[in-house]
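Chain letters run A, B, ... following the sequence lines, proteins first, then strands; residues in each count from 1.
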Protein chains: 2
Amino acid sequence: MEGPHTRAVTSYRAGVEYNVFARACPSRPLLEHVTGRWGGLTLGALVDGPLRFNELRRRVDGISEKMLSQTLQALERDGLVHRDAQPTTPPRVDYSLTPLGRETAERLLALIHLLMERMPEVEAAQRAYDAR
Amino acid sequence: MEGPHTRAVTSYRAGVEYNVFARACPSRPLLEHVTGRWGGLTLGALVDGPLRFNELRRRVDGISEKMLSQTLQALERDGLVHRDAQPTTPPRVDYSLTPLGRETAERLLALIHLLMERMPEVEAAQRAYDAR
DNA sequence: CGGGATCCCTGCCGATACTG
DNA sequence: CAGTATCGGCAGGGATCCCG
């Protein structure tokens with residue numbers, strides 16, 4: 001665990017060093033919420049502004065009601081998503097990003113954008129690998 | 001599917017629009033390799049320089065031989081990791097990042113670094129959520 | 001519309017054993 | 001050392017039903 005970059009993924013708090021590479025690091029669950037199968041896409045879908053439950057569901061193609069619900073709950077608990085429920089009939093619930101959620105989504109989109117741009121390069125690498 | 005940010009996660013190639021939010025987008029598997037449970041940590045571990053199989057295994061705490069092997073194969077096929085095998089006895093294999101792998105790892109570390117820094121904020125949000 | 005509860009199954013992943 | 005092969009569990013997640 002040395003070098004300038006690995007130091008960049010550790011941080012001190014109350015005298016305890018947190019290290020993402022360690023199995024027991026408390027940031028692991030958060031990282032999994034953000035980078036998990038649906039977390040990133042859900043955050044990304046909210047970057048353009050608040051959305052309601054079923055709007056979100058249509059944007060994130062392929063997600064089930066249950067998984068969207070679970071994903072949103074986890075992200076809300078982590079303080080990345082704000083949930084605004086109005087007790088009307090029919091109920092109306094708006095989901096939006098918190099400031100931290102927005103910063104997270106932006107870095108995530110920077111990653112996604114890079115991968116999208118380089119897909120031709122990736123597909124070429126895959127063909128070369130498979131040809132062997 | 002509108003707005004400046006969603007446009008940022010689509011790209012054109014050969015007249016076809018790729019959209020990460022779509023279930024069938026060919027970049028989904030790539031995204032899952034990179035942001036999956038072990039992909040990101042493996043890429044992150046290689047940022048400081050080449051590592052051998054068991055060095056990598058010790059760095060990425062908790063990964064099994066099987067998962068490290070599978071993860072490296074997927075990342076190699078995607079063109080993010082370079083594998084250099086020397087046919088000596090005992091065998092020596094070095095893993096390193098390709099240029100694209102390095103760019104990817106840097107954006108990933110930017111995300112991880114943000115989350116690490118803000119862990120106190122996240123933990124406070126979790127306590128507030130659980131208190132309800 | 002916005003979810004919660006339940007059922008069920010797939011496939012992810014860990015453990016173990018073996019090879020060159 | 002650097003892996004591959006095989007087995008099995010159990011939990012992630014999809015489908016469905018239901019309610020306010």
Side-chain angles (χ1 to χ4, degrees), chain A residues 21-24 28-43 45-46 49-78 81-96 129-130 132, chain B residues 21-24 28-42 45-46 50-78 81-96 129-130 132:
Chain A
F21 291 101
R23 183 175 7 205
R28 278 263 184 117
L30 172 63
L31 187 59
E32 283 173 18
H33 295 160
V34 170
T35 64
R37 179 144 182 222
W38 301 115
L41 295 172
T42 303
L43 287 173
L46 285 171
L51 287 176
R52 301 175 61 181
F53 189 83
N54 278 318
E55 289 173 339
L56 215 33
R57 195 155 126 64
R58 278 185 293 274
R59 286 234 183 175
V60 184
D61 191 28
I63 194 171
S64 67
E65 292 184 2
K66 178 179 149 188
M67 291 319 298
L68 179 57
S69 182
Q70 283 183 9
T71 301
L72 286 169
Q73 280 178 33
L75 294 176
E76 186 195 357
R77 194 177 101 94
D78 292 336
V81 160
H82 173 67
R83 180 190 140 110
D84 181 21
Q86 281 146 15
T88 60
T89 53
R92 178 188 177 100
V93 183
D94 284 281
Y95 291 94
S96 57
Y129 184 94
D130 294 341
R132 272 187 332 154
Chain B
F21 291 102
R23 180 176 7 202
R28 278 261 185 118
L30 172 64
L31 187 59
E32 283 172 19
H33 295 160
V34 170
T35 64
R37 182 151 180 216
W38 301 114
L41 295 172
T42 303
L46 286 172
L51 289 175
R52 302 175 60 181
F53 189 84
N54 278 317
E55 289 174 339
L56 216 32
R57 194 155 126 64
R58 278 187 292 274
R59 285 235 183 175
V60 183
D61 190 27
I63 196 170
S64 66
E65 291 186 2
K66 180 178 147 186
M67 291 318 297
L68 179 56
S69 180
Q70 284 182 11
T71 301
L72 286 170
Q73 280 178 33
L75 294 176
E76 185 194 358
R77 193 178 101 94
D78 293 336
V81 161
H82 173 67
R83 181 191 138 109
D84 182 21
Q86 283 147 14
T88 58
T89 53
R92 177 188 177 103
V93 182
D94 284 282
Y95 292 94
S96 56
Y129 184 95
D130 294 341
R132 272 188 332 154

Output the distance between atom [atom1] ([X]) and atom [atom2] ([Y]), rounded to the nearest 0.5 Å.
X	Y	atom1	atom2	answer
Phe53(B)	Leu68(B)	CZ	CG	4.0 Å
Leu43(A)	Leu72(A)	CG	CG	9.0 Å
Leu56(B)	Ser69(B)	CG	OG	11.0 Å
Arg52(A)	Arg58(A)	CZ	CZ	9.0 Å

Using atom CD of Glu55(B) as one end and atom C1' of dC1(D) as the other, report the distance to the nearest whole Å.
11 Å

Take the protein atom CD1 of Ile63(B) and the nucleotide atom C1' of dA2(D), then report the distance between them rounded to whole Å.
14 Å

Contacts of type side-chain hydrogen bond (donor to acceptor under 3.5 Å, both in side chains), residue [X], not counting sequence neighbours:
X	value
Arg77(B)	Asp130(A)
Asp84(A)	none
Arg83(A)	Tyr95(A)

If each of Asn54(B) and Gln70(A) is mapped to the nucleotide of DNA chain D with the nearest heavy atom, which maps nearer the 5' terminus, i.e. the 5' end?
Asn54(B)

Give each protein N/O atom lying under 3.5 Å from an N/O atom of nucleotides 4-8 of chain D, with the pair distance.
residue	atom	partner	partner atom	Å
dT4(D)	OP1	Gln73(B)	NE2	2.7
dT4(D)	OP2	Ser69(B)	OG	3.0

Those residues that, when tested against Arg57(B), pass salt bridge (Lys or Arg N to Asp or Glu O under 4.0 Å) (two or more places apart):
none

Residues of residues 83-94 of chain A with a heavy atom under 4.0 Å from any atom of DNA chain C, listed by number, are Arg83(A), Pro91(A), Val93(A)

Among all residues two or more places apart in sequence or in another chain, which pass the side chain to side chain contact (heavy atoms under 4.5 Å, CB included) test with Thr88(A)?
Gln86(A), Arg92(A)

On a heavy-atom basis, the closest approach of Thr42(B) and Val60(B) is CA-CG2, 4.2 Å

Minimum-distance pair of heavy atoms, taken over all atoms of Ala45(B) and Leu51(B):
O-CD1, 3.5 Å

Backbone N or O of [Y] within a donor-acceptor pair of the [X] side chain at under 3.5 Å?
X	Y	result
Arg59(A)	Asn54(A)	no
Ser96(B)	Pro50(B)	no
Gln73(B)	Gln70(B)	no

One would report the end-axis bend of the helix from dC1(C)-dG20(D) to dG20(C)-dC1(D), five pairs per end and rounded to 10 degrees, as 50°

Could you give all pairs that pass the salt bridge (Lys or Arg N to Asp or Glu O under 4.0 Å) test and reach residues 61-74 of chain B, with sequence neighbours left out?
Arg23(A)-Asp61(B)

May I ask you to list the residues of residues 30-37 of chain A, by number, that have any heavy atom positioned under 4.0 Å from an atom of DNA chain D?
Arg37(A)

Where chain B begins and ends its contact with DNA chain C, read 5' to 3' at 4.0 Å from heavy atoms
dC13(C) to dG20(C)

